[in-house]
Amino acid sequence: MSNSLSEKSLVLLKPDTVQRGLVGEIITRFEQTGLKIVAMKMAYASKELAGKHYAEDEKWLLSVGEKASKAAMSRGEKPAGTPLEIGKRIRTQLMDYISMSPVVAIVIEGHNAVLTVRKLIGPTSPENAQPGTIRGDFSHETYVMADSRGRPIQNLIHASESTAEAEREIKIWFRKDEIHSYIRVDEGLIYR
Ligand code: ADP
Ligand code: MG
C-alpha cells in the first residue's frame, strides 16, 4: 500500500444504478469515507468506449472466466466452456450492458482509494456481498440469475481493482482537464 494522498480509483455507476435511481445513495457512500470526488460526469458509452473499458486483456478474461467456472461448479454444473471462452462471452455481454443507458463516471481520490472503494462495493456477485456493502445492500442478484438470462451480473458499480487498472481506466473516461485538484476542508483533520 502506498502512502500517496492522491491515489485514484475509477468508479462507474452502471446502467442499473442510474435506472433504479440509486446514483445519490451510492455517491454518498464514497463521500462519507473522507475520500474525495475529483471528477464526475454522466456519459453514454459507445460500443468502442465499452470495448476499451472492458479491454481484451487475457489475464482479466481468464480471471472472469475462472470465477464463473468456480461458481458453476459450486452449483454442481459443468462450466460452459474454457475459462477463456467464458471470459470472452462475458466481455461481449458487458459491452452491451454498459452501453444500455447512461452511466456516471467518477474519479475518487485519497489515501488507499482503490482498496477502500473495493471494500465498500463488495465482491463481484451481490449474492456473496455482505450487508453494508453497496452490492450487498442494493441488490440480490446471483450468478444463476445472470446465467439463466444470458447477461452479465448486474452489480450496480464498477471500480478499479488496482492502481494500474485505475490509471488505464481514468484515461478512457476523462481528459486531463476534467480531473480537478482542490482541497476539501476536512483534509486538515484527516491528513494531519
Ligand atoms: P468486478 O466488477 O468485481 O471487478 P470482474 O472484473 O471480475 O468483477 O468482472 C467484471 C464484470 O463482469 C462484473 O462486475 C460483472 O458485471 C460481470 N461478471 C463477472 N463475472 C461474471 C459471471 N460469471 N457471469 C456474469 N457476469 C459476470
Ligand atoms: Mg474488475
Side-chain angles (χ1 to χ4, degrees), residues 7-20 22 26 29-30 45 47 49-108 113-130 132-173:
E7 183 174 304
K8 290 180 182 56
S9 168
L10 178 90
V11 167
L12 292 182
L13 306 185
K14 291 175 173 177
D16 45 329
T17 292
V18 175
Q19 295 290 334
R20 292 178 56 203
L22 292 171
I26 291 179
R29 301 272 176 125
F30 298 117
K47 277 281 148 62
L49 191 80
K52 273 195 202 157
H53 177 79
Y54 290 118
E56 255 191 309
D57 170 56
E58 191 161 317
K59 205 168 131 213
W60 175 72
L61 291 171
L62 277 172
S63 93
V64 173
E66 273 158 14
K67 251 193 280 183
S69 294
K70 269 193 205 145
M73 286 188 287
S74 75
R75 308 194 293 268
E77 290 171 18
K78 201 168 156 261
T82 65
L84 190 60
E85 284 165 355
I86 298 173
K88 283 186 176 169
R89 202 175 315 131
I90 291 172
R91 175 178 181 260
T92 307
Q93 294 170 354
L94 277 169
M95 286 165 62
D96 286 336
Y97 165 43
I98 207 81
S99 52
M100 190 166 87
S101 73
V103 297
V104 176
I106 309 171
V107 179
I108 293 182
V114 168
L115 284 178
T116 304
V117 168
R118 287 297 302 195
K119 184 179 68 177
L120 291 177
I121 74 173
T124 303
S125 182
E127 71 199 282
N128 300 323
Q130 293 295 315
T133 64
I134 293 167
R135 287 167 170 172
D137 281 350
F138 296 114
S139 170
H140 57 116
E141 172 79 312
T142 63
Y143 282 111
V144 168
M145 174 66 81
D147 283 356
S148 68
R149 301 291 193 272
R151 60 157 172 75
I153 293 178
Q154 296 184 164
N155 53 8
L156 301 146
I157 196 154
H158 163 85
S160 314
E161 292 180 59
S162 65
T163 50
E165 195 175 278
E167 216 170 286
R168 186 187 78 80
E169 293 171 350
I170 288 168
K171 281 191 208 133
I172 296 171
W173 292 91

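The first residue of the sequence shown is numbered 1, and numbering continues consecutively from there. Read the numbers this way: they start at 1 and go in the same order the structure lists the ligands and their atoms.
- Across all non-hydrogen atoms, the minimal contact from Thr124 to Ile153 is O-CG2, 3.9 Å.
- Within the structure, ligand 1 lacks Arg91 among the residues with a heavy atom less than 4.0 angstrom away.
- Which parts of ligand 1 touch Pro152 is read off a 4.0 Å heavy-atom cut-off, strictly below it: atoms 25 (C), 26 (N).
- Protein heavy atom nearest atom 2 (O) of ligand 1, with residue, atom name and distance: Arg135 NH2, 3.0 Å.
- Close approach of ligand 1 to Val64 is summarised as follows: ligand atoms under 4.0 Å from at least one heavy atom of the residue are 7 (O), 9 (O), 19 (C), 20 (N).
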Test side-chain contact (heavy atoms from CB on, under 4.5 Å) applied to Lys14 and Tyr97, step by step: CA-CA 8 Å; Lys14 291 175 173 177; Tyr97 165 43; 3.3 Å; yes

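- Listed by number with element, the atoms of ligand 1 under 4.0 Å from a non-hydrogen atom of Tyr143 are 22 (C), 23 (N).
- Side-chain atoms of Arg91 come within 3.5 Å of backbone N or O of Gly51 as a donor-acceptor pair.
- No donor-acceptor distance shorter than 3.5 angstrom exists from the side chain of Gln154 to the backbone of Glu141, with no hydrogens or angles considered.
- The protein non-hydrogen atom at the shortest distance from atom 14 (O) of ligand 1 is Asn155 ND2, 2.7 Å.
- Checking only distances, Gln154 never comes within under 3.5 Å of ligand 1, N or O to N or O.
- Scanning the protein for heavy atoms near atom 17 (C) of ligand 1, the closest one is Leu94 CD2, 3.7 Å.
- Residue Ser63 places no N or O, backbone or side chain, under 3.5 Å from any N or O of ligand 1.
- Of the possible donor and acceptor atoms, one in the side chain of Ser160 sits under 3.5 Å from a partner among the backbone N and O of Leu10.
- When hydrogens are left out, the protein atom nearest atom 24 (N) of ligand 1 is Ile90 CD1, 3.6 Å; that is the closest non-hydrogen contact.
- For ligand 1, none of its N or O atoms has an N or O atom of His158 under 3.5 Å away.
- When the options Ile98, Thr124, Leu61 are ranked by their closest heavy atom to atom 19 (C) of ligand 1, first place goes to Thr124.
- Taking the six-membered ring where the residue is Trp, Tyr54 and Trp60 present parallel rings, their angle staying beneath 30° rather than reaching 60°.
- In summary, the atoms of ligand 1 found under 4.0 Å from a heavy atom of Lys14, numbered by their order in the structure, are 13 (C), 14 (O), 16 (O).
- The closest donor-acceptor contact from the side chain of Arg135 to the backbone of Leu156 lies at 3.5 Å or more, if one exists at all.
- What you find for Pro79 and Ser69 is that their closest heavy atoms are CB-OG, 3.7 Å.
- At a heavy-atom distance under 4.0 Å, only side-chain atoms of Glu161, from C-beta outward, approach ligand 1.
- In summary, Glu161 places an N/O/S atom under 2.8 Å from the Mg ion (ligand 2), meeting the contact criterion.
- Atom 26 (N) of ligand 1 has its closest protein heavy atom at Ile153 N, 2.9 Å.
- The heavy-atom pair separating Lys52 from Ile172 by the smallest distance is O-CD1, 3.4 Å.
- Under a 3.5 Å cut-off, the side chain of Asn155 and the backbone N or O of Pro126 do not form any donor-acceptor pair.
- Side chain of Arg89 to main chain of Ala80: a donor-acceptor pair is present (N/O by atom type, distance under 3.5 Å, no hydrogens or angles).
- In terms of protein heavy atoms, atom 6 (O) of ligand 1 is closest to Trp60 NE1, 3.0 Å.
- Counting all heavy atoms, side chain and backbone alike, His158 lies closest to Glu169 at NE2-OE1, 3.0 Å.
- Of the protein's non-hydrogen atoms, Lys67 NZ, 2.7 Å is the one closest to atom 7 (O) of ligand 1.
- Contacts of Arg118 with ligand 1, taken as heavy-atom pairs under 4.0 Å, involve the side chain alone.
- The protein heavy-atom contact nearest to atom 23 (N) of ligand 1 is Ala68 CB, 3.1 Å.
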